[in-house]
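Hydrogens, waters and symmetry mates play no part in the numbers below; they use all other heavy atoms, side chains included. Keep in mind that what you see is a predicted model, and the values were worked out from it rather than measured.
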Amino acid sequence: MAVQFAVGAVTGTILSFEFGILWPRMMGRFGDVFGIGFGIEGWAFFLEAIFIAIYLYGWKRLPPRLHFRLGLSCRPRVCWVLSE
């Protein structure tokens, strides 16, 4: 899970820079449209980062039941981020 998160963070950062560097005229014209999506993606990324950090940090520190519920709460966020 941590490796997938790290790969997603790197590729998402590169993708946002590629839009601005490789297609500046398109981003100048349609930047308002893409900006909303990138803003939503940013909030989803930070929520995902917080929950994954708690999940991994609490591997042996949280009670098993709470750790399981936290893992279940991460699942819909991951699916939502991947569907964008």
Task: Over 12 non-hydrogen atoms of neighbours within 6.0 angstrom of CZ in Phe38 - done: yes
- [ ] Could you grab the distance from atom CH2 of Trp23 to atom CD1 of Ile21, nearest 0.5 Å is fine?
- [x] 11.0 Å
TODO: State yes or no: do Tyr57 and Leu62 share one hydrophobic cluster built from I, L, V, M, F, W and Y residues joined by side-chain heavy-atom distances below 4.5 Å, directly or via other members?
DONE: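 Looking at the clustering, Leu62 is in a separate group from Tyr57.
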TODO: Answer yes if Met27 and Val33 sit in the same cluster of Ile, Leu, Val, Met, Phe, Trp and Tyr residues linked by side chain heavy atoms under 4.5 Å apart, and no otherwise.
DONE: no
